[in-house]
Protein chains: 2
Amino acid sequence: MSYETREIADRLREAREAKQLSQRELSRLAGVPQAQISRIESNSVDLRLSSLVALASALDLEIALVPRKAVPAVKSITRQTTDRTVIQPPAIGKEMQQLQKAIRALQIEAPTLPELDELRKAAASLQRLQIDTRYLSHLRSLRHTIERARSTEQWRGIFEAANSMRALRNQIAHFEPASEQRNANRPAYSLDEEDDDA
Amino acid sequence: MSYETREIADRLREAREAKQLSQRELSRLAGVPQAQISRIESNSVDLRLSSLVALASALDLEIALVPRKAVPAVKSITRQTTDRTVIQPPAIGKEMQQLQKAIRALQIEAPTLPELDELRKAAASLQRLQIDTRYLSHLRSLRHTIERARSTEQWRGIFEAANSMRALRNQIAHFEPASEQRNANRPAYSLDEEDDDA
DNA sequence: AACTTTGATGTTTTTTACGATATCACAGAA
DNA sequence: TTCTGTGATATCGTAAAAAACATCAAAGTT
């Protein structure tokens, strides 16, 4: 496809990756088949507006028709508002991903669990800090706690996990105060979900 | 079609009308059949991205994927940048439309005429002022001059018309200085060209 | 090594936009 | 009135996207 559509395709992929979603997950959220998403992102189809809207809105984006003159200003605003994600060391990034995955799995299994929200918030809040690799084992055991709780259906474990996670967050925030509020101007949301679909 | 696409369709129509283009003219510019434009504006098709891009770019618009959070800011910018046109008294509006039509006709007949650009600029500049109905006859005779020049191919008439138009503009700007740059709250539409395609 | 996830690609069938063309009613202007 | 431009529709054939599968190789995890 043409060059103007390329940018749109790229923006979609970036947005998806920024939200740490796989094509399949996005597919579920947007109701667009994964195969189609792959083709769209590689700019090999002339997609219909309905598909674009579905994907965009699943990614918290909106389609705007902007006067050419306003494009630079809009880009600047967009950049400002765009996820400024804390970049974690690779090992930490991976582990956080696993952790999110565990939480998602839990959510599927026990969607009504009230502690679940706590857990998600704590994870989101943790995600916003720069985490040193020395906390890797903490994260891992945190995840194990969650997984164990899930498999045994001992929901108390979730409660404990949420507590430990908050404690960890506070500890990191305390020892590494510089990294907190690194994004002073904008709240931004790095990887938190804020609102998952149910 | 759905509700989110409605807005896009509306934006397209607004942009077209703000540029004083008929569906057929836009059709020519964008290479999209008039019938299709009608369907699109009435939101009765799920148009392909390529069509959207074609129309948008003919209308000097660009498609942007904006984070939800940034939407208000972007709207504000867009509004700011959007041609805010003066709302003329009906009679003046009609006459200005006729005048634009005459210029367009001329453009088709003698596209290479160098005075034509002058003429267009003068008309655009005039358009930006609030024109009192007492200038109606001026406008009308201005138009007649242009039409006569066109039919007789006496291109000198164009030159004169451009001059008179500039003079008229200055006179109005002088007697009605308050109305200049009176960008009311409503962008509305009305008439403005700002920059045409070449 | 066995297993899972991810993104890409292929196939088939169904749906739909698109382009071309032709009207049509309506509104203005001559 | 007559003529012209406008926007909305209708029909038809073609092309293409979309949906629903199924794989598959690569990379990662356990």
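Order of the sequence lines fixes the chain letters, A, B, ..., with proteins taken first and strands second; residue numbering starts at 1 for each chain.
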Peer 1: In whole angstrom, give the distance that lies between atom CD of A:Gln36 and atom P of C:dA8.
Peer 2: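 Distance check: A:Gln36 CD to C:dA8 P gives 13 Å.
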Peer 1: Among residues 38-47 of chain A, which contact DNA chain D at a heavy-atom distance under 4.0 Å?
Peer 2: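 When residues 38-47 of chain A is checked for heavy atoms under 4.0 Å from DNA chain D, the hits, listed by number, are A:Arg39, A:Val45, A:Asp46, A:Leu47.
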Peer 1: Between B:Ser51 and B:Ala35, which has a closest nucleotide on DNA chain C that is more 5'?
Peer 2: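 Taking each residue's closest nucleotide, the earlier one in sequence belongs to B:Ser51.
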Peer 1: For the side chain of B:Arg24 and the base of D:dG5, is some donor closer than 3.5 Å to an acceptor across the two?
Peer 2: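 Such a pair does not exist between side chain and base.
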Peer 1: Figure out the NZ/P separation between B:Lys94 and C:dA27, and round it to whole Å.
Peer 2: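 Value for this atom pair: 12 Å.
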Peer 1: Between atom CD in B:Glu95 and atom C1' in C:dA30, what is the gap in whole Å?
Peer 2: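 Going from CD in B:Glu95 over to C1' in C:dA30 covers 14 Å.
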Peer 1: If every non-hydrogen atom of A:Arg143 is compared with every non-hydrogen atom of A:Leu99, which pair is closest and at what distance?
Peer 2: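 Closest heavy-atom pair between A:Arg143 and A:Leu99: CD-N, 4.0 Å.
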Peer 1: Whole-Å distance between D:dT6 P and B:Lys19 NZ?
Peer 2: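 One finds 17 Å between P of D:dT6 and NZ of B:Lys19, rounded.
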Peer 1: Could you check whether A:Arg156 pairs with A:Glu160 (Lys NZ or Arg NE/NH1/NH2 to Asp/Glu carboxylate O, under 4.0 Å)?
Peer 2: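 So A:Arg156 pairs with A:Glu160 through a salt bridge.
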Peer 1: Is there a donor-acceptor contact under 3.5 Å from the side chain of B:Asp46 to the main chain of A:Ser50?
Peer 2: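 Yes, the answer is positive, given that a donor and an acceptor are paired below the 3.5 Å cut-off.
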Peer 1: Find the distance between CG (B:Leu168) and CG (B:Leu129) and round it off to the nearest 0.5 Å.
Peer 2: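 CG of B:Leu129 is found 9.0 Å from CG of B:Leu168.
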Peer 1: Between A:Ser50 and B:Arg16, which is nearer to the 5' end of DNA chain D once each is assigned its nearest nucleotide?
Peer 2: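 Upstream on the strand: B:Arg16.
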Peer 1: If only atom types and distance count, is the side chain of A:Arg68 paired as donor or acceptor with the main-chain N or O of B:Asp60 below 3.5 Å?
Peer 2: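 Absent.
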Peer 1: Any side-chain N or O of A:Arg48 under 4.0 Å from OP1/OP2 of D:dA16?
Peer 2: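 A:Arg48 to D:dA16 OP1/OP2: no side-chain N or O under 4.0 Å.
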Peer 1: Between P on D:dG28 and CE on A:Met96, what's the gap in Å once rounded to a whole number?
Peer 2: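 A:Met96 atom CE is separated from D:dG28 atom P by 20 Å.
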Peer 1: Taking any heavy-atom pair under 4.0 Å as a contact, classify B:Gln98: base, sugar-phosphate, or nothing.
Peer 2: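 B:Gln98: backbone/sugar contact only, no base atoms under 4.0 Å.
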Peer 1: Determine yes or no for a side-chain-to-main-chain donor-acceptor pair under 3.5 angstrom, with A:Gln36 supplying the side chain and A:Pro33 the backbone.
Peer 2: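 Not confirmed, A:Gln36 side chain does not pair with A:Pro33 backbone.
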Peer 1: Going by modelled atom types, is there a donor-acceptor pair between the base of C:dA8 and the side chain of A:Gln23 at under 3.5 Å?
Peer 2: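 For A:Gln23, whose side chain was compared with the base of C:dA8, there is no donor-acceptor pair (under 3.5 Å).
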Peer 1: Round to the nearest Å and state the distance from B:Leu49 atom CG to C:dT16 atom C1'.
Peer 2: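 Going from CG in B:Leu49 over to C1' in C:dT16 covers 16 Å.
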Peer 1: Using a cut-off of strictly less than 4.0 Å, decide whether B:Arg13 has a side-chain nitrogen or oxygen near OP1 or OP2 of D:dA8.
Peer 2: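 Answer yes for this pair, as a side-chain N or O of B:Arg13 is under 4.0 Å from OP1 or OP2.
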Peer 1: Side-chain donor or acceptor of A:Gln34 under 3.5 Å from a matching atom on the base of C:dA8?
Peer 2: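 Counting by modelled atom types and ignoring angles, a donor-acceptor contact under 3.5 Å is found here.
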Peer 1: Taking the side chain as everything from C-beta on, heavy atoms only, tell me whether B:Ser164 gets closer than 4.5 Å to B:Thr145.
Peer 2: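 No, every pair of side-chain atoms sits at 4.5 Å or beyond.
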Peer 1: Could you check how far CD1 of B:Ile37 sits from P of C:dG19, rounded to whole Å?
Peer 2: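 It is 10 Å, rounded to the nearest whole Å.
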Peer 1: Whether A:Ser22 contacts C:dT5 is assessed here as follows: a side-chain N or O lying under 4.0 Å from the phosphate OP1 or OP2. Is that the case?
Peer 2: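 Answer no for this pair, as no side-chain N or O of A:Ser22 is under 4.0 Å from OP1 or OP2.
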Peer 1: With heavy atoms under 4.0 Å as the rule, sort B:Arg140 into base, sugar-phosphate or nothing.
Peer 2: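 Touches nothing.
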Peer 1: In terms of hydrophobic clustering (I, L, V, M, F, W, Y; side-chain heavy atoms under 4.5 Å; direct or indirect links), are B:Val66 and B:Val53 co-clustered?
Peer 2: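 Each belongs to a different hydrophobic cluster.
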Peer 1: Hey, is the main chain of A:Leu21 close enough, under 3.5 Å, to the side chain of A:Arg16 for a donor-acceptor pair?
Peer 2: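 Such a contact is found between A:Arg16 side chain and A:Leu21 backbone.
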Peer 1: Regarding A:Gln23 and A:Glu41, is there a side-chain donor-to-acceptor distance under 3.5 Å anywhere?
Peer 2: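 A pair is found: one side chain offers a donor N or O, the other an acceptor, under 3.5 Å apart.
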Peer 1: Taking the axis from the first five pairs and the axis from the last five, what angle separates them in the helix from C:dA1-D:dT30 to C:dA30-D:dT1, rounded to 10 degrees?
Peer 2: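 Here the helix ends are tilted 40° relative to one another.
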